[in-house]
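Working notes, structure below.
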Protein chains: 2
Amino acid sequence: MLEEIDAKIAAALAEDGRCSYTDLAERVGLSVSAVHQRVRRLEQRGVIRGYAARIDGEQIGLSLTAFVSLTPIDAAAPDDYPKLLAHLQQIEACHSVAGVESYILKVRVTSPAALEALLGEIRATANVSTRTTVVLSTPFEDRPPVIHPS
Amino acid sequence: MLEEIDAKIAAALAEDGRCSYTDLAERVGLSVSAVHQRVRRLEQRGVIRGYAARIDGEQIGLSLTAFVSLTPIDAAAPDDYPKLLAHLQQIEACHSVAGVESYILKVRVTSPAALEALLGEIRATANVSTRTTVVLSTPFEDRPPVIHPS
DNA sequence: GGTGAAAAACATAGGGT
DNA sequence: ACCCTATGTTTTTCACC
């Protein structure tokens, strides 16, 4: 949880990751160096885990997004699936979930053929059965979180 | 699709959104101004849609993540659900999907009570039934996409 | 598309309150 | 924790190839 000024800073950077310290300082009413110090503390504390350009998948040929749910085939512990799957770079996210299935993956690929190949690799790597939900369109995504103070 | 140098630049910025033009220039072997120009073109073309700080949800009190699937209750066209739902800031992403359900939302809230309240708002706003899958842990998330040239 | 150089803006570290 | 100042870097623009 964040104190009010830190919340404002984090919110501003979540929205515009390249916002200058000078801008931030004006917005929150502190000096540039005070803001700089606060940002570094937010980074050290792990509140800010890094910065990223938001890339449009379509424009770089990743036109197919899907959610893939995993169900273990034998009763082996699914605890290390993430480690097994991490090398597959088409997997953008991996969530352990409560429900009939154990994990939900979000994947992005160039084509149905690439999806088929990826699913094969996932099944082979982790010994799971998969259920895939294809994304048709994405009205919005990656919206910055609401950051409330205190 | 991107030409080789643009692909390198986009990949570098996807990984570190605050990477300086000076650094980028060294990596790709061009002058600072050439790189600057290319980045601006990538931004204009919409390949780079912005920059964001990666915020750790846990650390700002958003300790509960879930996927919410929507099924329309009457046969009304679900085309404008996204517009209806956009004002709910706890919804981080909204995907239209192929499958039994029409949409998948990714939501982040502070508590089970907040999730309950949010689901009520979603149902009331969009006239849908919901199916919710709670995230237990997230081994990885927001990994930068693989950007291949050409 | 690309370069290089100059001006303006910014980041960063140090010392003081 | 914050402010101010000084210094080095980075961003940005522009004239030219």
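The chains referred to below are lettered A, B, ... by the order of the sequence lines, with proteins before strands, and numbering in each begins at 1. Owing to the predicted nature of the structure, the values given are computational and were not obtained by experimental measurement.
- Side chains of B:Thr130 and B:Arg123: a donor on one and an acceptor on the other come within 3.5 Å.
- Between the P atom of D:dT10 and the CG atom of B:Asp23 lies a distance of 7 Å, rounded to the nearest Å.
- When the nucleotides C:dG2, D:dT11, C:dA11 are ranked by their closest atom to the side chain of A:Thr22, C:dA11 comes out on top.
- One atom, CG of A:Leu42, and another, C1' of D:dA1, lie 14 Å apart when rounded to the nearest Å.
- Between B:Glu3 atom CD and C:dG1 atom C1' there is a gap of 11 Å when expressed in whole angstrom units.
- Of the side-chain N and O atoms in B:His36, one or more sit less than 4.0 angstrom from OP1 or OP2 of D:dT12.
- Both B:Tyr21 and A:Val32 sit near DNA chain D, but only A:Val32 has its closest nucleotide nearer the 5' end.
- By the 4.5 Å heavy-atom criterion applied to side chains, B:Glu101 and A:Thr133 are not counted as neighbours.
- Dashed line: the shortest gap from a side-chain N or O of A:Arg38 to OP1 or OP2 of D:dC2 is under 4.0 Å.
- Atom CG of A:Leu24 is separated from atom P of C:dA9 by 18 Å (rounded to the nearest Å).
- Residue contacts for B:Ser33: at a heavy-atom cut-off of 4.0 Å it reaches a base atom on one of the strands shown.
- For B:Glu121 (side chain) and B:Leu88 (main-chain N/O), no donor-acceptor pair under 3.5 Å exists by modelled atom type.
- A straight line from CG of A:Asp16 to P of C:dC10 spans 13 Å, rounded to a whole angstrom.
- A:Glu26 has its CD atom 12 Å from the P atom of C:dA9, to the nearest Å.
- The pair A:Glu3-A:Arg38 meets the salt-bridge criterion, since a charged nitrogen lies less than 4.0 angstrom from a carboxylate oxygen.
- By the 30° and 60° cut-offs, the orientation of the rings of A:Tyr81 relative to A:Tyr103 is tilted.
- Atom CD1 of A:Ile5 is separated from atom P of D:dC2 by 7 Å (rounded to the nearest Å).
- As a whole-Å value, the separation of A:Gln37 CD from C:dG15 P is 15 Å.
- For A:Ala34, counting side-chain heavy atoms from C-beta on, the closest listed nucleotide (D:dT11, C:dT3, D:dC2) is D:dC2.
- Note on B:Arg40: every side-chain N or O is 4.0 Å or more away from OP1 and OP2 of C:dG1.
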